[in-house]
Amino acid sequence: MNVKAPRGTNDILPPLSLQWQYVEKVYRDLMAVYNYHEARTPIFEYTELFQRGIGDTTDVVEKEMYTFTDKGGRSVTLRPEGTASIVRAFMENKLYGQSLPVKFYYIGPMFRYERPQAGRFRQFHQLGVEVFGSNDPALDAEVIILGINYLNKLGLKNLQLYINSIGCPECRKEYFRVFRTYLEDYHDVLCKDCQGRLERNPMRILDCKEESCSKAVKEAPRVLDYLCDDCREHFEEVKVYLNNLGLDYIIDPNIVRGLDYYTNTVFEVKYAGLGAQDTVLAGGRYNGLAEELGGKAVPGVGFAMGMERLMLTLEKESAELPGEPDLDLFIVTIGDKAKKAAFKYIYQLRNKGYISEIDYMERSVKSQMKAADRMNAKYTVILVEDELCKGKAILKNMQNGEQMEISLDNLVEEIEEYIK
RNA sequence: GUGGGUGUAGCUCAGUUGGCUAGAGCGCAGGAUUGUGGCUCCUGAGGUCGUGGGUUCAAGCCCCAUCACCCACCCCA
């Protein structure tokens, strides 16, 4: 075996896959309660969608996309995130004509060409939501509480919510002017990346980890202090709704998010102890994205969370997760005729919903019992070829070791009686 | 893309200054119990020592390269 899974990809196998299914089910169930419904969009899109949506100057677009040319000569890209596609789908299907807001959720794989590390992979999975058509701060708060509500449902407690507002393009104009003026004195101190950002994307200097940059920025003016009246009011309202629910949060003026489409509210939910990649859930409002993609101006807000990080967090918290369920029963057979009969009975039992197994390895009785035990079978049925003619089989309770004779004629019914 | 660490059986890991047929525990298979699990005991299967070069009489061990994984940077979920 010399072919391995590509770097940064993972096989999700049992029992892990059962945990994934559980986590997804809790998600879907909660979404239904909040009246969010699933949107399934293509896993690849025309490259242009992400270039325009996420932003040409972002790291994701500049160096992390899986982009290739298809046989028709079109440039397509494996989606690096979910929002752009869903906005595209919303516009393309003219859903703005519906009663608003429209609430979606999604689950699926995303792709980014990066060096893997703890909590980060090249193919990873996100659970997300997107709400379109309203600028109501109540929706910002709803999306936040929905995310936290979900994480709590999974048993996570030690979470910290960080929020900020980065305003709209209007108030950012004034802010950028002040910010750039402030940074003029520090120009030479900034790292190369940030010197470039000064022109193209000044806000991202705020969350640069380079020591000289974070020093330079320490006393810098903050977006929060330059919000226009509407944006300030909007952020205040979001906070009112959060306070209303008694939700704890930290206002962190330095979270600005790495994707260009965010406006107003941005937030992150972190879990300490995950390592460097400690953001489990993140999102914000993106009122300009639809228009940026060439559609009408439709406001939106949403979040995304990383499945792999979520699973890491659940592990750290020792959250209760389901494993493979115990067997209801295992049919042990002695002899070929018994095996044939068992094959029929197990079909009937499975039809009734009992989780059941028989031996496929030509094992001895002892080994079949062992196998049954390994699978935590609650009962075993022992079918002996020589005794089929007597019309009897043995039913054994694996918990207390008791066994009894049951008749073959209505074997399934008799078993049902005892199993209940 | 950059830096550091690791790579020996299915899993977790030993392997002494390079020296004979590469080990343990767990797991798996069979048996002790000629038709019955969990405990115990016995036996067995299973290894290109990540891969490719090199040094050497001799390499799991030393050197180089490469790949993968882990961790961190950048960035992000």
Side-chain angles (χ1 to χ4, degrees), chain A residues 1-10 54 57-64 79-83 106-128 147 191-194 197 204 207-211 213 255-259 267-271 274-284 302-313 327 330-335 338 359 361-387 393-403:
Chain A
M1 201 36 208
N2 45 20
V3 179
K4 296 178 185 155
R7 174 158 214 203
T9 65
N10 290 108
I54 299 168
T57 63
T58 59
D59 280 20
V60 170
V61 170
E62 273 183 349
K63 51 187 200 194
E64 295 173 2
R79 63 182 186 192
E81 57 101 51
T83 303
Y106 62 90
I107 298 179
M110 307 293 165
F111 306 84
R112 288 183 204 173
Y113 190 87
E114 297 180 273
R115 284 282 282 268
Q117 71 183 71
R120 183 169 62 203
F121 304 94
R122 289 184 171 178
Q123 174 171 343
F124 61 105
H125 299 76
Q126 286 190 332
L127 311 173
C191 70
K192 265 210 181 102
D193 285 342
C194 283
R197 283 170 185 154
R204 288 181 60 218
D207 66 350
C208 182
K209 306 294 188 298
E210 204 69 46
E211 206 188 331
C213 297
I255 63 169
V256 298
R257 316 293 309 126
L259 311 180
F267 56 90
E268 296 185 2
V269 177
K270 296 191 183 211
Y271 179 84
L274 270 194
Q277 313 301 327
D278 59 355
T279 301
V280 178
L281 179 153
F303 69 66
M305 74 185 112
M307 269 288 264
E308 285 80 357
R309 283 183 198 177
L310 183 52
M311 301 313 289
L312 279 178
T313 312
L327 240 46
F330 188 103
I331 303 186
V332 173
T333 58
I334 302 170
D359 175 58
M361 303 303 289
E362 299 185 335
R363 280 188 244 254
S364 66
V365 173
K366 177 193 173 78
S367 296
Q368 291 186 54
M369 292 300 293
K370 268 190 183 175
D373 190 52
R374 256 200 308 273
M375 290 183 257
N376 282 320
K378 298 188 191 90
Y379 292 85
T380 49
V381 172
I382 303 165
L383 281 183
V384 186
E385 180 157 312
D386 296 343
E387 290 172 15
I394 298 163
L395 177 65
K396 176 168 184 171
N397 180 326
M398 295 294 274
Q399 261 104 61
N400 57 23
E402 286 172 11
Q403 43 187 65

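Since we're looking at a predicted model, the values are computed, not measured. A note on names: the letters A, B, ... follow the listed sequences, proteins ahead of strands, and every chain is numbered from 1.
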Considering every strand and a 4.0 Å limit on heavy-atom distances, what is the contact class for [X]: base, sugar-phosphate, or nothing?
| X | answer |
| --- | --- |
| A:Gly283 | nothing |
| A:Val332 | nothing |
| A:Gly8 | sugar-phosphate |
| A:Ala282 | sugar-phosphate |
| A:Phe121 | base |
| A:Ser364 | sugar-phosphate |

What pairs with [X] under side-chain hydrogen bond (donor to acceptor under 3.5 Å, both in side chains), at least two apart in sequence or on another chain?
| X | value |
| --- | --- |
| A:Thr9 | none |
| A:Arg120 | A:Glu114, A:Gln117 |
| A:Lys366 | none |
| A:Asp359 | A:Arg363 |

Using the [atom1] atom in both, what is the distance from [N] to [M], to the nearest Å?
| N | M | atom1 | answer |
| --- | --- | --- | --- |
| B:G23 | B:G60 | C1' | 12 Å |
| B:A65 | B:G27 | C1' | 36 Å |
| B:G30 | B:A72 | P | 44 Å |
| B:U12 | B:C75 | C1' | 34 Å |
| B:A68 | B:G50 | C1' | 7 Å |
| B:A22 | B:G46 | C1' | 14 Å |
| B:C41 | B:C26 | P | 9 Å |
| B:U55 | B:U16 | C1' | 22 Å |

**Message:** Short of 4.0 Å, heavy atom to strand atom, which residues of residues 306-313 of chain A count as contacting RNA chain B?
**Reply:**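 Close to the strand are A:Gly306, A:Arg309.
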**Item:** RNA chain B-proximal residues of residues 106-115 of chain A, any heavy atom under 4.0 Å
**Value:**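 Within this stretch, A:Arg112, A:Glu114, A:Arg115 sit under 4.0 Å of the strand.
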**Request:** For A:Gln368 and B:C28, give me the distance from atom CD to atom P, rounded to whole Å.
**Result:**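 About 16 Å, once rounded to whole Å.
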**Message:** Can you see if the side chain of A:Gln117 gets near the phosphate of B:A72 - specifically, an N or O under 4.0 Å from OP1 or OP2?
**Reply:**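 Yes, within the criterion.
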**Asked** Within the pair A:Arg120 and B:A77, is there a side-chain N or O less than 4.0 Å away from OP1 or OP2?
**Response**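 No, because none of the side-chain N or O atoms of A:Arg120 sits under 4.0 Å from OP1 or OP2 of B:A77.
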**Message:** I need a per-nucleotide contact map over nucleotides 33-39 of chain B, read 5' to 3'. Cutoff is protein heavy atoms under 4.0 Å; write B for the base, S for backbone only, - otherwise.
**Reply:** --BBBB-
**Item:** Nearest listed nucleotide, side chain of A:Glu64, among B:A72, B:C75, B:C69
**Value:**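 Selected nucleotide: B:C75.
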Applying side-chain contact (heavy atoms from CB on, under 4.5 Å), name anything that partners [X], two or more places apart in sequence or on another chain.
| X | result |
| --- | --- |
| A:Glu387 | A:Val384, A:Lys390 |
| A:Ala372 | A:Phe330, A:Ala377, A:Thr380, A:Met398 |
| A:Ile255 | A:Tyr162, A:Asn164, A:Asp252, A:Val266, A:Glu268 |
| A:Asp59 | A:Glu62, A:Lys63, A:Glu64, A:Arg204 |

**Request:** Find the distance between CD (A:Gln368) and CD1 (A:Ile382) and round it off to the nearest 0.5 Å.
**Result:**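 Answer rounded to 0.5 Å: 9.0 Å.
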**Asked** Should the pair A:Arg122 and A:Tyr113 be classed as cation-pi, given the thresholds of under 6.0 Å to the six-membered ring centre and 45° from the axis?
**Response**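 That pair qualifies as a cation-pi contact.
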**Message:** Stem finding on RNA chain B, please: runs of three or more consecutive Watson-Crick or G-U wobble pairs, both distances under 3.5 Å, sorted by first number.
**Reply:**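 Listed by first number, the stems are B:1-7 with B:67-73, B:10-13 with B:23-26, B:28-32 with B:40-44, B:50-54 with B:62-66.
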